[in-house]
Amino acid sequence: MKYDFSAIEAKWQKYWVEHKLYRTENTADGEKFYGLIEFPFPSGRGLHVGHTRPYTAMDVIARKKRMEGYNVLFPMGYDAFGLPTENYAIQNHVHPRTVTERNVNVFRSQLQALGYSFDWDREVNTTDPSYYKWTQWIFLQMFKKGLAYKTQMPVNWCTSCKCVLANEEVAEGVCERCGAPVIRKERSQWMLKITAYADRLIDDLEDVNFPERVKSQQINWIGRSYGAQVKFATTLGDEITVYTTRPDTLFGATYMVLSPEHTLVAKWMDRLTNPEEVKAYQAMAAAKSDMERTELNKDKTGVCLGGVKGINPVNGKEIPIFISDYVLATYGTGAIMAVPAHDTRDWEFARKFDLPIVEVIAGGNVEEAAFTDVATGTLVNSDFLNGMSVAEAKTAIINWLVERRIGEAKKNFKLRDWVFSRQRYWGEPIPIVKCEKCGYVPLSEEELPLLLPEVESYEPTDTGESPLAKMTDWVNTTCPCCGGPAKRETDTMPQWAGSSWYFLRYTDPDCKDAIASPEALRYWLPVDWYNGGMEHTTLHLLYSRFWNRFLYDIGAVPVKEPYQKRTSHGMILGENGEKMSKSRGNVINPDDIVKEFGADTLRTYEMFIGAFDLAASWSTEGVRGCRKFLERVFKLQEMVTPEDEYRKVLETKMHQTIRKVSQDYENLKFNTAIAAMMALVNEFYRVGSVSRKELQTLLLLLNPVAPHMTEEMWEELGFSGRVYQNSWPEYDEAKCASDTVEIALQVNGKLRATLNIRRDQEKEEILSLAKEALKDRLTGTIVKEIYVPLKIVNIVIRP
RNA sequence: GCAGAUAUGGCGGAAUUGGCAUACGCGCAUGAUUCAGGUUCAUGUCCAUGUACUUGGGUGUGGGUUCAAGUCCCACUAUCUGCACCA
């Protein structure tokens, strides 16, 4: 009997589609289960073996849950707006919509060829006007609540192409396309006030089941810190406000540093003694990204502002003011007080510029290095703070500052507001018009969706505006508020917009009058299990939690947190252990694998490749191994005996395997689940036969991973119904354990022998058996005898 | 630089609470089947030493705790992911 995978897979895929096998209703008996995977960006390169790993994993979970009686929602869609499609469209003079449609069709057929159990009736596409209508609607709600606003923000500007570049299009400070230098230029941008939700985004993590590493990465990214804001007077009259997490070290502040972009620098420019030097430094800083600027191993640079001094409020001392690019305009107030004795970066800067280092917390040697340990130090050289601990000093100094109205306790976040504008064509138009009289005015909800107009060229304009700016008929409109002349916003939304709420739309994808009907949202939310990549932890995952929380606050969704459980998969690397990429020539196309080995083999291999949450390298030899395993299962048909029960010799093994596979699937340990099934199959071969009942159980266990082959065998063997209509096999805990176990016998921790014991044997009896077995080695005084039940005996002797 | 993670045979990886390191697969070796190659089946396979028994070493590096450490603690090193306009 030959395993003809192409015929088998085609047959069952057709059957599943025709019978709408995986269609999900919004009401049903049994508990609901909503399993979600990150929907793909339909790129021109097609589906990647990196996609199929998490998709297969959740498909396994979904199939198992259905067999356990759950009403399962397992949907798929396309996150189809975005830069790569737009760039392809520009190069090839085709409409991005055409490119998107083509790519989506390729993706869909690739996904279907892998036998995923998606409910295809619920497919969503973020570029569909009936979808982005609601993306725009959410933006309008945010605007109405004051969470969307415009401000000046720096963007990457190519001096030659004269257009705004994405960070990805900038390589080592030059434009990726033309090689011309890229500078940072201020532009008016739409922003979303995610910082208003910073506390909630941290605090609500307590209620969800996310891996610790995901939680801590989000918490650190949001970066909540408690400190103080302090006003420093200057000799030019203006005050500088600094943010510090260490107000206790105020007596040790021996200089100040402003970010090169700080507004006071420009204001003071005429009165400085070294304006040329300052301007030159600002120009240099503008050419660097934030990351380059904060690299610690680089030499600290900076310029002292000539002709102005700051005044330390606690001791009245005049201290120099520098500008340096290690201070970022976007964090805190863009200005710091520098305490070189107790901050590493300040210490290095002070050494380089020969500035005084004043120790105010005893415990280290500040001549050698900054002393940053807050737990043990005691305040010194600090007047009324002397002798206090760091914690006491913080409270005391803040009270002192508050009394004099020169400072206050302040909570700060590293999280920045979300830059929501893109000067691009292929995104959702922002539904706002600008009226000379009324300012920024939202469109009324009846006018949504605001459709993307047809343009001839998708190239950004010379002024850096989006291609939409060239559509004067579209841009010039009337103000919804006063009816006077107004202009439409020409920026579009980032790709993150559509993906921030897609999981809501799946619950009711055709809903006409809301993001989804309240009944559907109530039934399906929260998502029970969301699997995705670690690389999305601080952006997509955080953004979508933010949007959901906002929608909860305005009563549009019923749950605070959208995802009850989050898991992450590791990347699939090339055969050489490097990231798969065209330039490295190590890309594996899933289509080729399906064609040569079959979808069931690809699925099995990707589940077997290694620990699900770690990266794993591709191995075509490994694929062959999984194919061999499936062939061995297929050939079991020739060895079937008619018993409709587990035979005595295999009973324990059967129960153990069911338990292992059930638990391992649930814990995403697919590799060990498959190993257990391989071991079971080896056992069948060793025995030389398999009973009908044993094979039936194996087919049920293997079905989620290899659905086509198991369905075919099920039919061939004449079992009733389809595999998916049957229940998940059960195991008996009592039958998982054999009567005897082998334990290890150690002397001084070294393995010397093993011993077979009965489960119910007494400790004393086992110890005496052990000593008998080890008697040649017990050549000294026995100091200690350790027995760990059913595991080990360790006898400690001294000569 | 900051943040999060990872490190086990020739390779992918396994190992409830600290309790027999290397399950399962690949590769390799030997044998059977075959005209032959492939397939399939069986056996073996951490390293060193040795006649089989054995003995010693061994989970990135260096220390520590413990009767016992891949697992816990301290200090390193290397690699991977993200860093806000790629998604």
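Numbers restart at 1 for each chain; the letters A, B, ... are given by sequence-line order, proteins then strands. Side chains included, hydrogens not; waters and symmetry mates left out as well; all remaining heavy atoms used.
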| query | Heavy atom of residues 656-667 of chain A under 4.0 Å from RNA chain B: which residues? | reply |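 Close to the strand, none.
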Not counting sequence neighbours, which residues clear salt bridge (charged side-chain N to carboxylate O under 4.0 Å, His left out) with [X]? List them please.
X        : answer
A:Lys414 : none
A:Asp343 : A:Arg345
A:Glu86  : none

The side chain of [X] lies closest to which of these nucleotides: [options]?
X        : options                : answer
A:Ala611 : B:rC85, B:rA14, B:rA42 : B:rA14
A:Met534 : B:rC67, B:rG4, B:rA84  : B:rG4
A:Thr672 : B:rG13, B:rA23, B:rG4  : B:rA23
A:Arg752 : B:rU55, B:rC80, B:rA23 : B:rU55
A:Val796 : B:rC85, B:rC67, B:rG82 : B:rC67
A:Ile609 : B:rC86, B:rC85, B:rG12 : B:rG12

| task | Please list, chain by chain and in numerical order, all residues satisfying side-chain hydrogen bond (donor to acceptor under 3.5 Å, both in side chains) with A:Asn794, sequence neighbours excluded. | result | none
Interatomic distance where [atom1] belongs to [X] and [atom2] belongs to [N] [whole Å]:
X        : N      : atom1 : atom2 : answer
A:Gln217 : B:rA5  : CD    : P     : 8 Å
A:Leu539 : B:rG82 : CG    : P     : 10 Å
A:Gln218 : B:rA84 : CD    : C1'   : 14 Å
A:Leu614 : B:rA5  : CG    : P     : 12 Å
A:Asn220 : B:rG82 : CG    : P     : 17 Å

| With a 3.5 Å cut-off and no angle check, do the side chains of A:Tyr78 and A:Asn103 form a donor-acceptor pair? | no
| With a 3.5 Å cut-off and no angle check, do the side chains of A:Thr492 and A:Trp426 form a donor-acceptor pair? | no
Give a yes or no answer on whether the side chain of [X] reaches the backbone of [Y] with a donor-acceptor pair at less than 3.5 Å.
X        : Y        : value
A:Arg603 : A:Val705 : yes
A:Gln656 : A:Cys736 : yes
A:Arg659 : A:Glu733 : no
A:Asn156 : A:Leu165 : yes

| field | Assigned glycosidic conformation for B:rG9 [threshold 90° from 0] | value |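 Because its glycosidic torsion lies within 90° of 0, B:rG9 adopts the syn conformation.
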Using distance only, find each side-chain donor-acceptor pair of residues 623-633 of chain A under 3.5 Å and give its atom names and separation, not counting sequence neighbours.
residue, atom, partner, partner atom, Å
A:Arg627, NE, A:Glu631, OE2, 3.0
A:Arg627, NH2, A:Glu631, OE2, 3.0
A:Arg632, NH2, A:Asn682, OD1, 2.9

| query | Relative to the ring of A:Tyr543, is the ring of A:Trp418 parallel (under 30°), tilted (30 to 60°) or perpendicular (over 60°)? | reply | parallel
Which whole number of Å gives the distance between the [atom1] atom of [N] and that of [M]?
N      : M      : atom1 : result
B:rU6  : B:rG60 : C1'   : 11 Å
B:rG37 : B:rU49 : C1'   : 40 Å
B:rC47 : B:rA29 : P     : 15 Å
B:rU39 : B:rG18 : P     : 45 Å

| Taking protein heavy atoms under 4.0 Å as touching, what does nucleotides 25-33 of chain B look like 5' to 3' if B marks base contact, S marks sugar-phosphate-only contact and - marks none? | SSS------
| message | Walk along nucleotides 17-22 of chain B from 5' to 3' and tag each nucleotide B, S or - by protein heavy-atom contact under 4.0 Å, base first, then sugar-phosphate. | response | B-BB--
| task | Under the side-chain contact (heavy atoms from CB on, under 4.5 Å) rule, collect the residues that match up with A:Asp79, sequence neighbours excluded. | result | A:Phe39, A:Thr126, A:Gln495, A:Ser499
| field | Residues that A:Thr754 engages under side-chain contact (heavy atoms from CB on, under 4.5 Å), provided they are two or more places apart | value | A:Glu742
| field | Watson-Crick or G-U stems involving RNA chain B, each at least 3 pairs long, distances under 3.5 Å, ordered by first number | value | B:1-7 with B:77-83, B:10-12 with B:24-26, B:27-32 with B:40-45, B:46-48 with B:55-57, B:60-64 with B:72-76
| query | Would you say the side chain of A:His536 lies within less than 4.5 Å of the side chain of A:Arg566, judging by non-hydrogen atoms? | reply |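 The answer is yes, as the side chains (C-beta and beyond) meet within the 4.5 Å cut-off.
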With heavy atoms under 4.0 Å as the rule, sort [X] into base, sugar-phosphate or nothing.
X        : result
A:Arg422 : base
A:Val214 : nothing
A:His540 : nothing

| message | Does the structure place the NZ or CZ of A:Lys669 under 6.0 Å from the centre of the six-membered ring of A:Phe612, at an angle of no more than 45° from the ring's axis? | response |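 No - A:Lys669 does not lie over the ring of A:Phe612 by the 6.0 Å and 45° rule.
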| What residue among A:Glu186, A:Arg184, A:Gln189 forms side chain to side chain contact (heavy atoms under 4.5 Å, CB included) with A:Val155? |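 Filter result, single survivor: A:Gln189.
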| request: Carefully, step by step, assess A:Asp664 and A:Thr672 under the rule side-chain hydrogen bond (donor to acceptor under 3.5 Å, both in side chains). | output: CA-CA 7 Å; A:Asp664 283 357; A:Thr672 49; 2.8 Å; yes
Taking only nitrogen or oxygen atoms into account, show me every contact under 3.5 Å that the protein makes with nucleotides 73-78 of chain B, one pair per line with its distance.
none

